[in-house]
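Beneath this line is the structure, given in structure tokens, with notes to follow.
Lettering of chains follows the sequences in order, A, B, ..., and the numbering in each one begins at 1.
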Amino acid sequence: MTRVVAGTDLAKRIALHVPGSVVTSNSSEASVRSDALHETLRFLRDDEDLDFQFLNSVSAVDYVEYFELVYHLTSLRRNSSCVVKSRLYSRDEPTVQSVVDLWRGAELQEREIFDLMGIMFEGHPNMKRILLWEGFPGHPLRKDFIR
Amino acid sequence: MAIRTEPVTINMGPQHPSTHGVFRLRVTFDGEVVVDVEPVFGYLHRGTEKLAEERSYVQIVTLTDRLDYVSSMSNNLAYVRSVEKLAGLEVPERGQYLRVISAELQRMASHFIATGFMLQELGAFGTPLMYCFRERERILELFEMLCGARITLSYMRPGGVLQDAPEEFWPALDTLIGEMPRYIDELEGLITTNEIVLARTRGIGVVPPDLAVSGSLTGPMLRASGVQWDIRKADPYEIYDRVEFEIPIGYDGDTYDRYYVRIQEMRQSIRIIEQCVEQIEEGPVLTDGPFFVRPPVGDAYAAVEGPKGELGFYLVSDGGISPYRCKIRAPSFINLTVLRDMLVGWKLADLIIIFGSTDVVLGEVDR
């Protein structure tokens, strides 16, 4: 069975290497500050004991007061997984650093999030719409989207 | 002395027989050699994730049928497992066996399509594809017995499956899995050691293992590169821990390996179904529960090993009858991340076959 690394354990490790980044943590996930997200994910990928080399998926959820990015990570070698979340409080121009330099697999997913949710990823090699066409008004997966 | 040439940009698709649906590739050629590729998505975008936010949990099952429309069973399974994880529903044992049997049948059907279209794209027009469709047809007939539908199945429900298999299903299934190894041998006899196929596919479109992992590839694409990772083994769901099977892997990560991994997976699927038929016992197939599932507030991500790779659903519940957010982790979509790396440097004729070997379904790419 894939071992789920508890968010609290994750938070302890992250706090040692990227101080001040963890906001909250519970048994299933760790939530980190958005400006420390990239550094935290790099640590999770490169750490010998954690070894999260595989990015399952990047998701974005619109909770109206904030956007939440959810990263599902897996270590193929250790057969373990973890969930990292991060909140973005801006509605006009939510921006976060891209993780394409860590995992190529994020490339299309981040473009999709930009297209449908309107979150900008800084440092993405090709940040433009993917499923909808250029000039489409708004970002349809936002809760306040009206046709 | 090299002849100076100018690059030419060509649109391949969206209407093109080898694009597996409506997919457009903007390809820049230098003579016959691909120098740049830009995939253009979205021609089949139906906003499934947004539609899901306005439907009840059971209704969404019908939406999942239309994602990867050649493997609806696997889509159903991935979705209902995610709902069950979110709502804490149990599935009766017989329901789990029926799910695994139908998911493995679907895997075979999907791999038949992948293999048939690969031959079609090599230029063997029509006949080999029809051989594959002939066998797939028999699988669809079994699905028709289970739920009355052939393509858009909606057979699974949160908490089990729609209904038990009818009596005539079991002898028909026995006949099919008895004859299937011979069909696969026949198909392999045409392809596996075929000189033309070998010349056209070996060493073409190579994905090295480190790129496969970094690019989040899953399914046969990942395993062809030599990474032994299968969710059915790594994190067994349903009753996969009670059956014996192997994970076939490739070594070179080329187009041929991707084909051959699929053929071997079909053989493993037969093994799984045989064991399921032996082990299955009488009992209920669906848990009693309200039609409108109301999971507690929270989120859950569950994934299954679909024919194309890791198919996952990330659901967020606000306690209502429909999900607050339903994110689909579509393997076809994410497998296309490395398309450019696979194609650059190869010729136009190779482009078609390399793209074909990724086995994408545009319903899942665009959602």
Side chain, backbone, both or neither of B/F333 within contact of chain A (heavy atoms, under 4.5 Å): both
Kindly check if the number of other-residue, nucleotide or ligand heavy atoms within 6.0 Å of OH (A/Y63) is above 12? yes
Bottom line for A/D62: the part with an atom under 4.5 Å from chain B's heavy atoms is backbone
Go through the side-chain N and O atoms of B/R367 and B/T48 and say whether any donor and acceptor fall under 3.5 Å apart. no
Just say parallel, tilted or perpendicular for the rings of A/F145 and A/F136, cut-offs at 30° and 60°. parallel
Sole residue of A/H124, A/E110, A/H38 in side-chain hydrogen bond (donor to acceptor under 3.5 Å, both in side chains) with A/S98: A/E110
For each of A/L102, A/N56, A/L116, tally heavy-atom pairs with chain B at distances under 4.5 Å, and name the one with the top tally. A/N56
Please check if atom CZ in B/R46 has more than 12 non-hydrogen atoms from other residues, nucleotides or ligands closer than 6.0 Å. yes
Examine whether an atom of A/R142 lies under 4.5 Å from a heavy atom of chain B, and if so say whether it belongs to the side chain, the backbone or both; otherwise answer neither. backbone
With chain A, which of B/G312, B/G42, B/S216, B/P236 has the greatest number of heavy-atom pairs at distances under 4.5 Å? B/S216
Give the member of B/D299, B/D210, B/L211 that has the highest number of heavy-atom pairs under 4.5 Å with chain A. B/D299
Using non-hydrogen atoms only, which part of A/V58 is less than 4.5 Å away from chain B: side chain, backbone, both, or neither? backbone
Please verify the inter-ring angle class for B/Y301 with B/Y314; under 30° counts as parallel, over 60° as perpendicular, anything in between as tilted. tilted
When the 4.5 angstrom heavy-atom criterion is applied to A/T74 and chain B, the contacting part is side chain
Considering only heavy atoms, which portion of B/V213 lies under 4.5 Å from any heavy atom of chain A: side chain, backbone, both, or neither? both
Chain B heavy atoms under 4.5 Å from A/L76: which part of the residue, side chain, backbone, both or neither? both
Per-residue contact mode, B/E49 against chain A (heavy atom under 4.5 angstrom): both
What part of B/E53 gets closer than 4.5 Å to chain A, counting heavy atoms only: side chain, backbone, both or neither? side chain
Chain A contact via B/D341 - side chain, backbone, both or neither, heavy atoms under 4.5 Å: side chain
One option among A/R129, A/E112, A/Q53 has the most heavy-atom pairs under 4.5 Å with chain B, and it is A/E112
Tell me, for B/V40 versus chain A, whether the close heavy atoms (under 4.5 Å) come from the side chain, the backbone, both or neither. neither
Would you indicate whether the side-chain heavy atoms of A/Q109 and B/K327 approach each other to under 4.5 Å? yes
Hey, mind stepping through B/S332 and B/N335 against side-chain hydrogen bond (donor to acceptor under 3.5 Å, both in side chains) and telling me if it holds? CA-CA 5 Å; B/S332 295; B/N335 284 355; over 6 Å; no
Is any side-chain heavy atom of B/L311 less than 4.5 Å from a side-chain heavy atom of B/R329? no
Side chain, backbone, both or neither of B/Y324 within contact of chain A (heavy atoms, under 4.5 Å): both
Other residues, nucleotides, ligands: >12 heavy atoms within 6.0 Å of A/E134 CD: yes
Could you check whether any side-chain heavy atom of A/V70 comes within less than 4.5 Å of a side-chain heavy atom of A/V83, counting everything from C-beta outward? yes
For the interface with chain B, which of A/S57, A/A106, A/S59 has the highest count of heavy-atom pairs at distances below 4.5 Å? A/S59
